[in-house]
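Scroll down for the structure; my scribbles are underneath it.
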Amino acid sequence: MDVNIIKEVRQKQPLIHHITNEVVMNFSANGLLAFGGSPIMAHAKEEVKDVSRFSDGVLLNIGTLTENQVSAMIIAGQAANEAGVPVVVDPVGAPANKFRSESIQTILESVKPAVIKGNAGELAHLIGEEIETKGVESTGPGNEKSIAERVAQTYKTTAVVTGKIDVVSDGAKTRSNSTGHPLLAKVTGTGCLLGSILSACMSVTGSNVTKIHTALEFFGAAAEHAASQHEVQGPGTFAPRFLDALAMDPEQLRRNDQ
Amino acid sequence: MDVNIIKEVRQKQPLIHHITNEVVMNFSANGLLAFGGSPIMAHAKEEVKDVSRFSDGVLLNIGTLTENQVSAMIIAGQAANEAGVPVVVDPVGAPANKFRSESIQTILESVKPAVIKGNAGELAHLIGEEIETKGVESTGPGNEKSIAERVAQTYKTTAVVTGKIDVVSDGAKTRSNSTGHPLLAKVTGTGCLLGSILSACMSVTGSNVTKIHTALEFFGAAAEHAASQHEVQGPGTFAPRFLDALAMDPEQLRRNDQ
Amino acid sequence: MDVNIIKEVRQKQPLIHHITNEVVMNFSANGLLAFGGSPIMAHAKEEVKDVSRFSDGVLLNIGTLTENQVSAMIIAGQAANEAGVPVVVDPVGAPANKFRSESIQTILESVKPAVIKGNAGELAHLIGEEIETKGVESTGPGNEKSIAERVAQTYKTTAVVTGKIDVVSDGAKTRSNSTGHPLLAKVTGTGCLLGSILSACMSVTGSNVTKIHTALEFFGAAAEHAASQHEVQGPGTFAPRFLDALAMDPEQLRRNDQ
């Protein structure tokens, strides 16, 4: 973990423009605020261009996609591309049906993402492979390393495959992360919030793989720390302590868990 | 309480397609995850057919209804009916105004629900009777048993009237449940989340009245258990402990409360 | 703090019609419920007129505005004006871009608000002045008292400028409030929830400045009380205890903090 990346985020308080799904808006905003970023959520076609180009990062998450949202995402993503603002794309449930699959392809043909993040099934789908999924969760085994590398190469981006072991690759350099906790899967939107945290880390200086790896490691360590609190008895009491942990000093978080 | 129903839900992790109101999406998803189900929320007309027919249950909740949502609900509900997927309908605020009243009638003329659940005022409205309500809450007294039986008979469904005493009826067999806690009324969306839990229980084997009664009893017992925790000082601290309790072993929950 | 105002709210349980932003719907509903009000959220053009005129207050918050919402807000606001129901307007992010700026002007030309609340940047924008902002937060210093007075005079309303020191003015009488806590800024939607609490207090008897001042003082005192709990380790654990505190007896809250 490069703690300077997190410190730089907290100094900068990057403004992250979210066009994300309705289920997770509140949790993503709270998680990003805790981590040290500044969320803005706007999806009206009339304003997304203005919001994106004045942001420090743009997150496009297709979790509850509509036709209107696809258009707004393309406008926002292209404005970000023009302004040099990094775009993070989260293709939630892309393999689930034709509408999601075609919409994400349309978005990726129009917008150049700095980062594409998703589970193995979602990222495999983007390179024409299918892994067993249930709803929006991928359940089958996959070769995460190979998937990350090929998505990175195909889309000329940094690819993140999340799972028990997370993998990040820019096509040349690949790293993995093993921090995390099973309770993350019992709280809705933790994966979506990770997209917000990745967006914040992309707004500071450093190599993409290092920035993303730091974000993954910190996020998982925060979950481990929260889950270890004795007041945590299940997913309900885990969530607020996870938000608290996202606000912690990374060095403190590391010390506490040793 | 038939604990096998809850155990079967947790083994199956049923995928429940929600077209529900925006206020409660996050809480419903978290509550269903805690209980052992798997939520998916999608309301674009382009995908609801595909999502519904591959789900284990469909929940239609009209809490923040729009014209677009009525169309999406009918497409999703009909796809579920064709595929034999049980549909749970929650007519939130149906008596409140003409738009809600007419929309729910349109939905119920197009979709055959396995379960209709609501408070006394909402269910009475569906059989042409009016009970005093305030906003989306029914406040007047009603004959819950008679309302449940007549809704079940009129719509050839299983009807659930929620309240201090919950009543479930398939038109022939009727049972009541008295578990629950006043704090449930101080957290938004607990009634909506109950719809998610009912949907999950409808996806496993057993008679409808038994499955629904088990869900009602477990849900109320979880609330009682959460409210009894000494850290709970009000609705804010109750909500996370209620989510924790929804994840508990039903036998453990029973033992703790004896 | 005039505790009778809060007692009267709790007796009346005012129904507050929210057309508010998607990020905060759940938190606003839970906060208002805790405080003693009764939230209803509805934004379909087909029903907003009916909902508004039978409510005890209407809150219009432009946090995630769309063209459709502007129309719904005008219908709801005009129905409330006709029925004598007080309207609270929260011009979230009004200075951020042309769409928000023009939309709020359209709303304020069509609807007469009883209260306009926002941060210094948002309210200054409504009288043609610009203060440095970041996203939807105002960051520059401003003369809050002067801004509140001029907004009140220009719009013939009661104006509330929120910040480290909150200021309320009806154009003639002006009061300030210094309760509050920095953690409020680390939880998304606390300012939006304040709009719900103000709406609830506007539904009871008393002078507007006194009612608003009581709401501001109680809201900030609740935050201070919550933040002082030893279980609170960050924004995640603060939020549920803040909701608990909003449900507290105002006299108890005062005693505890002495």
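Chain A is the first sequence line, chain B the second, and so forth, proteins listed ahead of strands; every chain is numbered from 1. FYI, side chains are in, hydrogens and waters are out, and symmetry mates aren't considered; it's all heavy atoms of this structure.
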For N97(B) and E47(C), what are the C-alpha separation, side-chain angles and deciding distance, and is it a side-chain hydrogen bond (donor to acceptor under 3.5 Å, both in side chains)? CA-CA 7 Å; N97(B) 55 59; E47(C) 69 168 335; 2.9 Å; yes
Is it the side chain or the backbone of E46(C) that comes within 4.5 Å of chain B heavy atoms, both, or neither? both
I need the minimum non-hydrogen distance between [X] and [Y], along with the two atoms involved.
X	Y	value
P235(B)	A34(C)	CG-CB, 3.9 Å
N30(C)	K186(B)	OD1-O, 4.2 Å
L33(C)	T188(B)	CD1-N, 3.6 Å
M25(C)	V23(B)	O-CG1, 4.0 Å

Report the option among [options] that has the most heavy-atom pairs separated by less than 4.5 Å from atoms of chain B.
options	answer
E231(C), K45(C), R241(C)	R241(C)
H17(C), H18(C), H43(C)	H43(C)
N68(C), N26(C), V24(C), L243(C)	N26(C)

Which one of A239(B), G189(B), G234(B) has the most heavy-atom pairs closer than 4.5 Å to chain C? G234(B)
From [X] atom [atom1] to [Y] atom [atom2], the distance as rounded to the nearest 0.5 Å:
X	Y	atom1	atom2	result
T20(C)	E22(B)	OG1	CD	11.0 Å
F99(B)	D50(C)	CZ	CG	11.0 Å
N21(B)	M41(C)	CG	CE	9.5 Å

